[in-house]
**Student:** 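Right, I'll just put the structure down here and ask away after.
No hydrogens, no waters, no symmetry mates; every other heavy atom, side chains included, goes into these values.
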Amino acid sequence: MRRKASLSADRITLKGLRARGRHGVLAAERELGQEFVVDATLFLDTAPAAAGDDLTKTVHYGELAQALAEVVEGEPVQLIETLAQRLADVCLAGELVQRVEVSVHKPAAPIPLPFDDVVVTIERSRA
């Protein structure tokens with residue numbers, strides 16, 4: 001009987017990735033677009049990569065950043081919750097990633113009051 005591998009406490013974090021998207025409920029948001037900021041923390045075992053100094057045994061964060069930006073710049077959705085899920089799915093597509101935490105910031109959200117940011121954060125795992 002094989003034991004399930006325990007979840008690693010190792011993580012790779014990409015913070016502050018900026019990309020322009022057309023997400024939102026309002027027509028103006030979809031027409032004009034706005035900047036979104038993404039933070040993604042990927043939980044994985046980095047020991048094999050470190051032991052062999054081998055990029056193929058970890059997550060290439062440059063490629064990850066490009067893939068996440070393509071999601072933000074891609075097909076519009078109404079909710080940033082939906083956008084966060086799509087981003088989490090991209091992160092979990094890497095077979096080494098056990099769990100991910102994704103935050104989507106919408107600093108230019110159409111709120112008629114002073115505010116710093118709107119952030120939706122989700123956590124997903126391979127389950």
**Student:** Measure across R20 and G33 and return the closest heavy-atom pair with its distance rounded to 0.1 Å.
**Tutor:**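 Scanning both residues completely, I find the closest heavy atoms to be NH2-O, 3.1 Å.
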
**Student:** So, using side-chain contact (heavy atoms from CB on, under 4.5 Å) as the criterion, who are the partners of L96 when residues are at least two apart?
**Tutor:**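 Testing L96 for side-chain contact (heavy atoms from CB on, under 4.5 Å), a comparison that skips the adjacent residues, returns L44.
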
**Student:** For residues R86 and E75, determine if any side-chain heavy atom of one lies less than 4.5 Å from a side-chain heavy atom of the other.
**Tutor:**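 R86 vs E75: side chains touch.
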
**Student:** Is any side-chain heavy atom of Q78 closer than 4.5 Å to one of R30?
**Tutor:**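 In contact.
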
**Student:** For K106 and Q34, which heavy atoms make the closest approach, and how far apart are they?
**Tutor:**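 Reported closest heavy-atom pair: CE-NE2, 3.4 Å.
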
**Student:** Cluster question for you: counting only ILVMFWY and a side-chain heavy-atom cut-off of under 4.5 Å, with indirect links fine, are F43 and V38 together?
**Tutor:**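 No, it is not one cluster - the side chains of F43 and V38 are not joined through contacts under 4.5 Å.
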
**Student:** Does some side-chain heavy atom of I122 sit less than 4.5 Å from a side-chain heavy atom of E81?
**Tutor:**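 No; the side chains remain at least 4.5 Å from each other.
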
**Student:** Nearest 0.5 Å please: distance from the CG atom of L32 over to the CZ atom of R22.
**Tutor:**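 Output value for this atom pair is 7.5 Å.
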
**Student:** Can you find a pair of side-chain heavy atoms, one from L68 and one from C91, that are under 4.5 Å apart?
**Tutor:**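 L68 reaches C91 side chain to side chain.
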
**Student:** Linking I/L/V/M/F/W/Y whenever their side-chain heavy atoms sit closer than 4.5 Å, directly or via other members, would V120 and V25 fall into one cluster?
**Tutor:**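 Result: no, two separate clusters.
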
**Student:** Which atom pair, heavy atoms only, marks the closest approach of V102 to A84?
**Tutor:**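 Heavy atoms of V102 and A84 come nearest at CG1-O, 4.1 Å.
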
**Student:** Hey, could you give me the CG/CG distance between L64 and L42, rounded to the nearest 0.5 Å?
**Tutor:**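 Taking CG in L64 and CG in L42, the distance rounds to 5.5 Å.
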
**Student:** Just by modelled atom types, is the A9 backbone N or O under 3.5 Å from a matching donor or acceptor in the R11 side chain?
**Tutor:**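 Flag set: sc R11 to bb A9 pair under 3.5 Å.
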
**Student:** Closest heavy-atom contact between I80 and F36?
**Tutor:**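 I80 and F36 have their closest heavy atoms at CG2-CE2, 3.8 Å.
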
**Student:** Looking at every non-hydrogen atom in both residues, tell me the closest pair between E95 and R126 and how far apart they are.
**Tutor:**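 Closest approach of E95 to R126, heavy atoms only: CA-NH2, 3.4 Å.
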
**Student:** Measure the CG-CG distance between D39 and L17 for me, rounded to the nearest 0.5 Å.
**Tutor:**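 CG of L17 is found 9.0 Å from CG of D39.
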
**Student:** Look at the side chain of H60 and the backbone N and O of L55, then say whether any donor-acceptor pair between them is shorter than 3.5 Å.
**Tutor:**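 Checking the backbone N and O of L55 against the side chain of H60, no donor-acceptor pair under 3.5 Å is found.
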
**Student:** To the nearest 0.5 angstrom, please state how far the CG atom of L92 sits from the CG atom of L87.
**Tutor:**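 So the gap between those two atoms works out to 11.0 Å.
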
**Student:** State whether the number of non-hydrogen atoms from other residues, nucleotides or ligands found under 6.0 Å of D54 atom CG is greater than 12.
**Tutor:**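 Check passes, neighbour count above 12.
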
**Student:** Is there a path of hydrophobic side-chain contacts, each under 4.5 Å between heavy atoms, that joins V104 and V118?
**Tutor:**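 Yes: a chain of side-chain contacts under 4.5 Å links V104 to V118.
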
**Student:** Which atoms form the tightest heavy-atom contact between E29 and G24, and what is the distance?
**Tutor:**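 In this case the closest contact between E29 and G24 is OE1-CA, 3.3 Å.
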
**Student:** Kindly work out whether a path of hydrophobic side-chain contacts (I/L/V/M/F/W/Y, heavy atoms less than 4.5 Å apart) joins I111 to L83.
**Tutor:**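 The answer is yes; both residues are in one hydrophobic cluster.
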
**Student:** Is it true that a side-chain atom of H105 and a backbone atom of V119 form a donor plus acceptor pair closer than 3.5 Å?
**Tutor:**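 It does not hold such a pair.
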
